[in-house]
Amino acid sequence: MQQEQIPQQQNVTPKKYQLTTPTKDKKQNKTNQSTTIQSPQNNDFYSPKNMNPWKTPKSLLKSNHKQNTPDHCIQASPYSDRYIPLNVSRNLFNKQIQPFEIEEENQYEELLSENVLEIDENKHVSILNFNKQKHDKVQSSKQLETPKRKIDTLPIKVLDAPGLEDDFYQDTLHWGKNNLIAVGLQRSVYLYNVDNSKVFQLAEPINNNELSAYYTSLQWNTNGQMLAIGCCDGSIKLWDYNKNSFNGTMNLSNKRISTISWANPNIFAYGSKDKTINICDVRVPNYQIFQLLGHTQEVCGVTFDGSELQLASGGNDNKVFVWQMRGGNNNNNNNQYISWEIKSHKAAIRALAWNPNSCGILATGGGNQDKTIKIHSSLTNQQITSINCDSQVCKLRFSKIVNELVSTHGYEKNLVCLWQYPTMKRIHQLEGHSERVLYLSASPDESTILTGSGDETLKFWKIFPTQVSNNMSSLFSMCEIR
């Protein structure tokens with residue numbers, strides 16, 4: 001290494017660290033001279049009282065005379081008056097880099113960036129870049145989206161049901177809270193135990209009337225302790241699960257019972273071909289409480305909402321009625337229980353479903369001449385949306401676990417479809433039945449649905465998760481207590 005000799009008349013301490021670089025021949029008649037960057041170690045040199053040799057005082061900037069640079073600071077350097085910290089030269093010498101190896105000015109900048117600023121060569125970085133940069137989000141929108149669950153396209157179990165009618169005006173399949181599946185096969189009712197896969201037939205009461213033994217509808221009550229069975233002659237039989245026997249029979253209609261719906265363990269409603277809807281209570285001696293009149297043709301479907309305050313009914317007259325079970329509507333002179341009449345369908349309405357996750361939301365499905373699913377709000381008495389399904393809508397059911405709707409269809413596609421609410425976007429469709437899917441029910445934990453068809457088969461589909469949130473489970477328990 002080369003060191004410059006400093007005259008002795010200058011009172012400057014010796015320099016400890018020196019960096020010499022050969023200068024370029026930019027000017028003529030110039031020989032190679034070395035550039036030395038000195039770093040004095042005298043503490044008094046940097047004291048506030050002394051003049052900083054690297055900076056012009058502000059007081060002199062205002063004066064007109066020219067400031068003379070100290071002699072010990074006059075150095076021939078291609079880098080002008082650039083200041084380099086002491087640790088730069090120290091780091092450079094620790095890496096044993098010889099000064100004469102530097103041939104270009106940009107190599108000096110590379111060494112500075114690597115040793116001092118620690119800048120990656122492959123990444124472009126601007127020093128003191130004040131441009132606004134977007135902060136990285138903790139979670140992107142894709143991460144916030146709920147992951148799509150896997151839905152099996154094939155049924156997990158298939159049962160043969162010989163004699164299952166392909167009739168739009170019958171409803172003879174229901175999965176109870178006791179995990180027993182009741183299915184009506186013409187003149188017989190069978191119970192299938194899901195836990196042990198055993199099947200047994202209900203003992204039929206002695207009756208000479210052949211029509212009374214032809215079953216057209218059935219449903220378990222909300223706790224699975226009693227089964228109501230509707231017959232073709234208009235009678236209803238009650239079967240007690242605990243006693244394993246029929247508990248009673250009521251004859252309130254003279255035509256077939258098309259649909260039955262329980263509000264709680266004691267009260268239920270049924271619709272008949274005689275255009276009437278009867279509200280019954282098993283605790284009353286004659287069972288009947290009152291009768292609802294409004295439909296002009298056969299009642300195809302009835303269903304209670306979760307609060308037991310409203311009853312929806314669909315008929316072969318292409319109308320849907322929403323009935324108030326408590327208080328009624330005094331503005332309607334014909335029937336004080338009717339709160340809303342829906343006339344937007346163009347075919348018979350058999351498919352009805354209340355949304356357990358949203359108060360007052362009712363889904364209705366039209367027959368072969370309509371082929372639509374309509375969502376209504378009984379709070380505002382307005383239609384929310386309408387979806388064309390391109391096939392007959394046979395059954396509807398909202399899930400209690402997730403906010404989704406299941407629909408079964410007939411002519412012409414015979415599908416089982418899953419819809420997301422409230423967007424009503426079709427999530428999935430299941431194929432497997434060769435005839436109209438007229439029957440639909442769900443397991444007690446709401447994770448599996450059961451479908452029945454005119455092809456005389458029952459299929460189990462696992463489409464919903466099994467976990468239920470604490471809020472939902474507490475809601476179910478409150479409904480059961482009530």
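A salt bridge does not link Glu404 to Lys425: none of the charged nitrogens lies less than 4.0 Å from a carboxylate oxygen. Checked for salt-bridge contact, Lys255 and Asp233 miss the test: no charged N lies under 4.0 Å from a carboxylate O.
Using cut-offs of 30° and 60° for the angle between ring planes, the His376 and His345 rings count as perpendicular. Aromatic ring orientation, Phe321 versus Trp323: tilted (interplanar angle from 30° to 60°). Taking the six-membered ring where the residue is Trp, Trp262 and Phe268 present tilted rings, their angle falling between 30° and 60°.
In this structure, Phe398 and Val406 have side chains that are not in contact, with every pair of non-hydrogen atoms separated by 4.5 Å or more. Using a 4.5 Å heavy-atom cutoff, the side chains of Val322 and Leu311 are not in contact. Inter-residue side-chain proximity for Met226 and Pro265 is flagged as unmet; no heavy-atom pair is nearer than 4.5 Å. Using a 4.5 Å cut-off on side-chain heavy atoms (C-beta onward), Trp340 and Ile342 make contact. The side-chain heavy atoms of Ile361 and Trp354, taken from C-beta on, include no pair separated by under 4.5 Å. Residues Trp461 and Leu450 have side chains not in contact (no heavy-atom distance under 4.5 Å, counting atoms from C-beta outward). The side-chain heavy atoms of Leu362 and Lys374, taken from C-beta on, include no pair separated by under 4.5 Å. In this structure, Leu180 and Val194 have side chains that are not in contact, with every pair of non-hydrogen atoms separated by 4.5 Å or more.
If you check the side chains of Trp419 and Ser407, you find a donor sitting under 3.5 Å from an acceptor. Between the side chains of Ser258 and Gln170, no donor-acceptor pair of N or O atoms lies under 3.5 Å. Neither side chain, Ser261 nor Tyr270, offers a donor N or O lying under 3.5 Å from an acceptor on the other. A side-chain donor from one of Gln201 and Ser188 sits under 3.5 Å from a side-chain acceptor of the other. Between the side chains of Asn221 and Asn223, at least one donor N or O sits under 3.5 Å from an acceptor N or O. In this structure, a donor-acceptor pair under 3.5 Å is absent between the side chains of Lys237 and Thr249.
Among all heavy-atom pairs drawn from Tyr215 and Val189, the shortest one is CD1-CG2, 3.4 Å. Pairing each heavy atom of Leu218 with each of Gly184, the nearest pair is CD2-N, 3.6 Å. When all heavy atoms are compared, the tightest approach of Ala348 to Cys300 is CB-SG, 4.4 Å. What you find for His295 and Ser313 is that their closest heavy atoms are NE2-OG, 2.8 Å. Closest of all the heavy-atom pairs between Cys394 and Gly410 is SG-N, 3.5 Å. Of all heavy-atom pairs spanning Tyr287 and Asn247, the tightest one is OH-O, 4.3 Å.
Pairs passing the salt bridge (Lys or Arg N to Asp or Glu O under 4.0 Å) check and including a residue from residues 341-359, sequence neighbours excluded, read Lys319-Glu341, Glu341-Lys343.
Of the inter-residue distances, the one linking Leu159 atom CG with Glu456 atom CD reads 13.5 Å to the nearest 0.5 angstrom. Here the CD atom belonging to Gln291 is positioned 9.5 Å from the CD1 atom belonging to Ile277, to the nearest 0.5 angstrom. The OG1 atom of Thr216 sits 6.5 Å away from the CD1 atom of Ile257 when rounded to the nearest 0.5 Å. Interatomic distance, Asp195 CG to Asn179 CG, rounded to the nearest 0.5 Å: 4.5 Å. For the atom pair OH (Tyr190) and OG1 (Thr172), the distance works out to 12.5 Å, reported to the nearest 0.5 Å. Rounding to the nearest 0.5 angstrom, the gap separating the OG atom in Ser377 from the CD atom in Gln382 is 7.5 Å.
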Next item on the list: Go through the steps for Lys462 and Ser447 under the test side-chain hydrogen bond (donor to acceptor under 3.5 Å, both in side chains), then give the verdict.
Entry: CA-CA 6 Å; Lys462 178 74 173 179; Ser447 63; 3.1 Å; yes
Item checked: Criterion ring-ring contact (aromatic ring centres under 6.0 Å, His included) on Tyr439 and Trp175, from CA distance to verdict -> CA-CA 11 Å; Tyr439 308 96; Trp175 195 339; over 10 Å; no
Checklist line | Audit row: Ser378, Gln310, side-chain hydrogen bond (donor to acceptor under 3.5 Å, both in side chains) steps and yes/no | finding: CA-CA 9 Å; Ser378 63; Gln310 296 182 105; 3.2 Å; yes
Margin query: Before you tell me yes or no, could you show the steps for Glu308 and Asn264 under side-chain hydrogen bond (donor to acceptor under 3.5 Å, both in side chains), namely the whole-Å CA-CA distance, both residues' side-chain angles and the distance that decides it to 0.1 Å?
Written below: CA-CA 8 Å; Glu308 308 172 16; Asn264 52 52; 3.1 Å; yes
Margin query: As a quick check of understanding, evaluate side chain to side chain contact (heavy atoms under 4.5 Å, CB included) for Val302 and Leu352, giving each step before the final call.
Written below: CA-CA 7 Å; Val302 292; Leu352 301 167; 5.7 Å; no
Next item on the list: Step by step, work out the side-chain hydrogen bond (donor to acceptor under 3.5 Å, both in side chains) result for Asp240 and Gln225.
Entry: CA-CA 6 Å; Asp240 195 325; Gln225 301 301 315; over 6 Å; no
Checklist line | Check against side chain to side chain contact (heavy atoms under 4.5 Å, CB included), Ile373 and Leu396 | finding: CA-CA 9 Å; Ile373 297 176; Leu396 293 172; 3.8 Å; yes
Margin query: Is there a side chain to side chain contact (heavy atoms under 4.5 Å, CB included) between Lys459 and Val158? Walk through the geometry before answering.
Written below: CA-CA 5 Å; Lys459 297 181 184 294; Val158 179; 3.9 Å; yes
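Judged by distance alone, with hydrogens and angles left aside, the side-chain atoms of Ser453 form a donor-acceptor pair with the main-chain N or O of Glu435 at under 3.5 Å. No donor-acceptor pair closer than 3.5 Å links the side chain of Asp152 to the backbone N or O of Leu154. Using modelled atom types, no side-chain atom of Thr372 and backbone atom of Ile387 make a donor-acceptor pair closer than 3.5 Å. Between the side chain of Asp305 and the main chain of Leu309, a donor-acceptor pair closer than 3.5 Å is present. Side-chain atoms of Asn357 come within 3.5 Å of backbone atoms of Ser399 as a donor-acceptor pair (strictly under, hydrogens ignored).
Less than 6.0 angstrom separates the ring centroid of Phe290 from the ring centroid of Tyr337.
Atom OH of Tyr241 has 12 or fewer neighbouring heavy atoms from other residues, nucleotides or ligands inside a 6.0 Å radius. The neighbour count for Gln383 CD, taken as heavy atoms of other residues, nucleotides or ligands under 6.0 Å away, is above 12.
No option in Asn318, Asp317, Asn316 other than Asp317 meets the side-chain contact (heavy atoms from CB on, under 4.5 Å) test with Thr296. For the side-chain contact (heavy atoms from CB on, under 4.5 Å) test with Cys280, the passing option among Ile289, Leu252, Ile236, Ile267 is Leu252; the others fail. Across Asn414, Asp455, Asp166, Thr408, a single residue satisfies side chain to side chain donor-acceptor pair (under 3.5 Å) together with Arg436, and that is Asp166.
Considering only residues two or more places apart in sequence or on other chains, Asp167 meets the salt bridge (Lys or Arg N to Asp or Glu O under 4.0 Å) condition with Arg256.
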